[in-house]
Amino acid sequence: MSLLQIKDLSLSIHGIEILRRVNLTIAPGEIVAVTGESGSGKSMTALAVMQLMPNGSTATGSILLDGEEVLDLPEDRMCQLRGASVGMVFQEPMTALNPVKTIGDQVMETILIHRAMPRDKAEERAREVLARVGLPPERYPLGRYPHELSGGQRQRVVIAMAIALRPRLLIADEPTTALDVTTQAQIFDLIKGLVREYGMGMLMITHDLAVVADMADHIAVMRHGEVVETAPTRQLLTGMTHPYTKMLFAASEHQVTLPESGSQVPLLAVANVVRDYPLPRTSLFARPGQHRAVDHVSFTLHQGERLGLVGESGCGKSTLTRAILGLQPVQAGHILLDGQPVYTGNKANLAVRRKMQVVFQDPYGSFNPRHRVDRLVTEPFHLLEHPPVGSERRDRIAEMLTAVGLSPDDSGKYIHEFSGGQRQRIAIARALIIRPQLILFDEAVSALDVSVRAQILDLLADLCATYDLTYLFISHDLSVVRTITDRVMVMQAGRIVEQGETEQVFSDPQHPYTEALIAAAPKLPHRRPMNAR
Amino acid sequence: MSRNLILGAGLSSLVVLAALLSFVWTPYDYAALNIPAKLQTPNAQHWFGTDHFGRDMFSMIMVGARTSIAVALLAVGIGMSLGVPLGLAAAARKGSWLDELIMRGNDLVFAFPSLVIAILITAVFGAGAVNAIIAIGIFNIPVFARITRGAALSLWEREFIMAARVAGKGAARISAEHILPNVANLLIVQGTIQFSLGILAEAGLSYVGLGAQPPTPSWGRMLADAQTMVSFAPHLALIPGFAIILTVLGLNLMGDGLRDWLDPRIRVARS
Amino acid sequence: MLRYSLKRALSLLISLAVASLVIFAVIEIAPGDPASFMLGVNAQPDTLAALRTELGLDQSKAERYVSWITGMLRGDFGTSYTYRTPVSQMIADRMWVSLPLALYALALSTAIAFPAGIYAASRRGNVGDLTVMSATQLGVAIPNFWFAMMLVLVFAINLRWFNAGGFSGWDKGLVAGLHSLTLPAIALALPQAAILARVMRSALLDILGEDFMRTARAKGLSRRQALWRHGLRNALIPVLTIIGLQFSFLLAGSIIIEQVFYLPGLGRLVFQSISSRDLIVVESVVMLLVFAVITVNFLVDLAYAAVDPRLRSRT
Amino acid sequence: KDDITFAMQLEPPHLDPTSAAAQAIDSVVYVNIFEGLTRFMGDGSIVPALAESWEISGDGTVYTFKLHEGVTFHDGSAMDAEDVKFSLDRARAEDSVNAQKALFAGIDSVDVVDPLTVKVTLKEPNGNFLFNMAWGDAVIVAPESIENIKTAPVGTGPYTLGEWVQGDKIVLNRNPGYWGAQPALAKATFKFISDPTAAFAAMMAEDVDVSANFPAPENLPQFEVDPRFTVTVGSSEGETILSTNNKQPPFDNIKVRQAIAHAIDRQAIIDGAMFGYGTPIGTHFAPHHPAYVDLTGLSAYDPEMAKALLAEAGFPDGFETTLHLPPPSYARRGGEIVAAQLAQVGIKAEIINVEWAQWLETVFKGKNFGLTIVSHTEPMDIGIYARPEYYFQYDNPAFQELMTTLNSTTDPDKRTELLQQAQRIISEDYVNGFLFQLAWPTVAKAGVQGLWANAPTAATDLSAISWSE
Ligand SMILES: Nc1ncnc2c1ncn2[C@@H]1O[C@H](COP(=O)(O)OP(=O)(O)OP(=O)(O)O)[C@@H](O)[C@H]1O
Ligand SMILES: Nc1ncnc2c1ncn2[C@@H]1O[C@H](COP(=O)(O)OP(=O)(O)OP(=O)(O)O)[C@@H](O)[C@H]1O
Ligand SMILES: [Mg+2]
Ligand SMILES: [Mg+2]
């Protein structure tokens, strides 16, 4: 008998249809992965099972949990089930824990709320599960507060809470999106181990197809609130039928071909750069300590070259970007663009800045919501001595919008009228409009859905051909860096530990950190092309 | 638009209309004494009755609205015109001595019991509307400085600010071009609330005799004048009291409504 | 934690020093001579001069500031010009009215606001929420002195349940004392309660949207359990700020209420001494109030740390 | 019932009547704690107090007082001629801070004849001397108690200080060792309630038994119809006047002052500000005084005439000036009415509300004002018009001459005539706008007897008061 059986589940919020006739089955010991683009209804499906939908939701159809109809259960019965029979792990470990309660209390609460055992036993059990998820109480006492743990450790606490009573069903909604690849790999190992060990059924939500392929026994692909295709993993990977599924997989291993670039003219020279952040004072009179975010970094970027920079979150990538842009002073070393320092005196050298532009990660945060597109894309004109005006300005805007695949008519719109992918195109238009010699991409595609990401990568490759771009592409996503750069640098804790030709580094990493990074990154199993079958 | 916003805007505009109308028309001359006709309860000739000097209460309430609005509005103006630039500057130079100075200055103003200082200020420079405005205005400065700084700080973390910096724009220009328009909503909402607090403060100061001086009518002073007479002429206290309550209520409702209406998070969810 | 407190304490001292200068300066430029006020219209010039010497008013401003400050550091607040008694004694007497009144009002407003705010938050959008919120809107809009007038009219003059004002003194017993502070405390507390209830409600609603509340529900806590166990303590942080602000407001802002109920409290003392130009009393009381406000805010900051462990580890 | 509670508007700053002007001090201590050689009675007459009797020399310059026997201070020490000499010498000393030093200015010497006899020699005859000695500023104090007199007053009166809760109340207890007849009340409490509303509420709620000089005339009708209370409306010594800065243009022009006098409708002010309580006056003199002449006709309400006078004076369109108003409601409310009435004839008076300290500084000392409203509550104070430096700056040598003559005149008929002449001069000169004599309303619980109906001086004569059965 199946553990969870969702039949024809439809859900609407305030009359807006969110889910349409979703069907899904999970057997004990089985991992079912739900995947699909952002907004496709993955989280809503999970919340419906928990009956924790937002206010104003109405659900029809049937959700059978262990033979019980969840949609008909009274709230108090649902409370008995949550935590005891169904555990859930959420995406954001930073906010999923109550900041003012100790981790011990929070894990014990799951046990105590269901009166599963007396307090002392519960405490013992809490230690046990925390140890099981890799937080041995000797090193991580129960009295710690969430803010005293790293993101990965917090996620372990959330998992411990979810499995404390050995629920029969575990739901994990993007449990690793906020974590590093290496941490992500550890968490997945942990979850897989637990599911096997306890014989739990698991509903796993992720948009990362590589993860899906690696972990799940069964895959369901969602789009616009519908399950478009569902099949056992192996079967789906080899014989996917729905065009959307195909598109999704194709996009996630999308490769682009960069035009050749052969120049050996150095453009950007970074030599021995050090950037320290002052730590908060530890005592009133002591000198404040220093945190070294960039540690003696040196490299050269040649004209027409596409350089990648990879590394875990917090290793100093963005700090280096800001230093190159001359937004912040450096404590040692120097950065020259075209032979000119980017930072002179105590302010940025705007004459040099004119030759650089940047594209940021967050397509939603990088535009002033109150300005129209024409004003947004022309903001870098401020750097020019004689910014174009009138029809010349209009032409430039039109040219740029066309170049990034938008229409010149879009120039009168506000940013909220665009999708995430379109916004990123506008960001690229903004970077290109003053024809900079160098563009910095700081995680420019990380926030995008795979299909959109593929389009943006294509766009970049096209632009390389038309505008002969030179760029520094920063990302934690190895597969992207691999396809979009000629050369790559690997950064760890502020240092460049390895650099070389991209293919070379990826196929034959020299530094153990690079090796670990590549090993931890989930990969889609190599598939035979469909038509070759 | 929410019910709150409509109700609040309705009440507030009623008061503002009454105030504006009073410039061109009041049923009677608000300053004309008619002692034989004193202490009339509301009737057909005098809709709100007459006061202890036989003045028409309705006319006084209308002109009193003008006083309240003028004092509160100017006090908010002082608070905004000084507080907002200070807040913007503090946020732009976060962590610097300037920021520290501004924030400590704010704390200092907050540390003073406002009414005592208002009384002191008026004791030093004399009672009157102008000094009431200054006294109330001073305490508005840190409110706006703080709220502006808070909102501006989170904006400075946003990538579009980084983009503007990359475009070579300086802190002042970014503050004016990007930060200010994006905190404007917040300031409008807070401004409405401070406005209503200003009305209350003006009433309080006038009540203790430190607001606008006679013969300019003021709701607070009408209440003070009425105090000994409530037991036999309750309308003298009830009418100005209700005027204050309704105005403050209207502004608060409008502030709440505006907050909901202007909050993009809520607006997006609604559309 | 210690460092955090130390740092806060240092900025507290600086604030106090600046505040004392401001107070002294403002009060010094106030027109009006205490000596001529005391002697009245028929005072002779030589009489005035004699009194000015006696009061120490002939010293320079700097001398007076220094002696005021050093005196206060020693706990000597000087001698009132008009009453000729030690200011510290007067303050101590008045404190026994103002402080209990402020605490009483604070207790009342918390006792009303917490349940109201929690009730409204937990019934968000329902009739109950709407009723409570409408009541608080009204409460915020009512000027407290007007409310006090109405209370006196109804409960003292017409119903005669309470005295119209005045303070019975604590020597008549706690009940009598509290009884005579009840109307003033209500007048002070209700508008404050309205504000506090609104803050409580919105803080709770903010918290209800947090991820960890969903986590708590996923553990099997009911809506109400989640609210009590996880919501309340987190919501306390903004609520504490308001309580801190309110306490200083209650202590100082009760001037008008003390006036309406003719309570011999600090607020009335300030008012009286301003009008009689008893500069030393004004200076000392205002300074004390500033000290109280700053200290209460300091305590609130420390209370944050007790509520929020994240602050404890910060320097 | 042998205790009583009074509501008092003002709290005494301290309890030494000989070193401050505050009437509030006298209201508590006069003839209760401290006594003088003579004293006021409720009808304004002067009777012997600590002085049993006296003799006046033929030329009117030597007063020989015979003191009562067996009088002791509250500390038990005997009151004798030495104490009288000490008290008078202290009051007129160089460094004295006595607020009414002028009362003693005419004393040439004070000599002890024997323990119960004291001789006071004047520089010149003074018809007012016995009156002067009745003032609260002339009470007899004990030398050894001077140090703490402000907080621990030691006098000879029928009551001793029980308790003083500053800002709240003063309690007096009966003095069992009093030399005179024992008073009926064992204990009296003075509660300080400055706010008129609070006074009304306290009275209505029966928190207090008596409120003399009840501050809210508008509430008197309510007490009158309430059987729980009795209301008496007596007269006070307070001439309420629109003081005018006689040195400041345009007020240096008598036509302007006359215009103002005719622009004012006294009855409207009495009705509007005092709710009908108060007596119109046409000069600076108390209407209940035998020497009073009714001169209100000289300044009858006639706005047309006022306008004409202004035009004559060269101000056909009026002028602008200031009107400083101290806190009491007679001034604040009266001022609003006066300003409105002046506006009718084209004079724009800007109202400036001030506190007493500011009033003293700006108006009284600084003479920086145009108009102000104030009630002069000292008894028999027409003499201020002979002081050119006095704040309204009226400088008329003829009048000053007249006052000098008056001071050295002891014959009652002659004095009356001189006084009437004086009243006429200032009225015809329109020195100030003479508005009304303040009423002295007293609200008491039914059953309280012996309260002074009028207020010839600030006092609460407790020994006269008792409860009826
Ligand atoms: N509280 C809410 N009120 C109204 N609509 C909502 C709410 N939460 C989510 N939605 C809508 O429901 C749809 C499905 O959302 P859901 O969170 O399930 O997507 P998802 O597949 O989990 O996406 P992601 O990968 O971004 O998490 C979206 O269109 C979203 O806008
Ligand atoms: N303004 C700052 N003040 C102090 N420390 C900072 C500041 N900005 C960054 N850091 C610290 O410097 C280190 C490097 O940060 P940086 O933002 O460069 O990392 P990153 O590699 O871009 O990470 P991510 O992939 O998460 O964007 C981190 O430890 C971060 O905490
Ligand atoms: Mg989701
Ligand atoms: Mg980064």
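All chains are named by letter (A, B, ...) in the order of the sequence lines, taking the proteins before the strands, and each is independently numbered beginning at 1.
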Inset, instruction - Scan side-chain atoms only and decide if A/Glu379 and B/His178 contain a donor-acceptor pair under the 3.5 Å cut-off. - result: yes
Legend entry - Closest non-hydrogen atom pair, B/Phe160 against A/Pro369: CE2-CD, 4.1 Å
Inset, instruction - Would you give the length of the straight line joining atom CZ of B/Arg165 to atom CD of A/Gln328, rounded to the nearest 0.5 angstrom? - result: 6.5 Å
Inset, instruction - With a 4.5 Å cut-off on heavy-atom pairs, point out which of A/Gly365, A/Pro380, A/Ala431 contacts chain B the most. - result: A/Gly365
Inset, instruction - Measure distances from A/Leu383 to the heavy atoms of chain B and classify the residue's part below 4.5 Å as side chain, backbone, both or neither. - result: both
Inset, instruction - Mind listing the closest non-hydrogen atom pair of B/Ala163 and A/Ser366 along with its distance? - result: CB-O, 4.4 Å
Inset, instruction - Would you sort out whether B/Glu159 and A/Val358 count as a side chain to side chain contact (heavy atoms under 4.5 Å, CB included), showing the intermediate values? - result: CA-CA 11 Å; B/Glu159 286 180 346; A/Val358 62; over 6 Å; no
Legend entry - Structural part of A/His371 lying under 4.5 Å from a heavy atom of chain B: side chain
Inset, instruction - Measure the CG-CZ distance between B/Asn185 and A/Arg370 for me, rounded to the nearest 0.5 Å. - result: 4.5 Å
Legend entry - Chi angles and distances behind the side chain to side chain contact (heavy atoms under 4.5 Å, CB included) call for B/Glu177, A/His382: CA-CA 13 Å; B/Glu177 204 167 292; A/His382 184 72; over 6 Å; no
Inset, instruction - May I ask you to name which of A/Leu376, A/Leu325, A/Leu327 has the most heavy-atom pairs under 4.5 Å with chain B? - result: A/Leu327
Legend entry - Proximal component of B/Glu157, with respect to chain A [non-hydrogen, under 4.5 Å]: neither
Legend entry - Segment of A/Leu350 engaging chain B (4.5 angstrom heavy-atom cut-off): side chain
Legend entry - Under 4.5 Å from a heavy atom of chain B, the part of A/Arg354 involved: neither
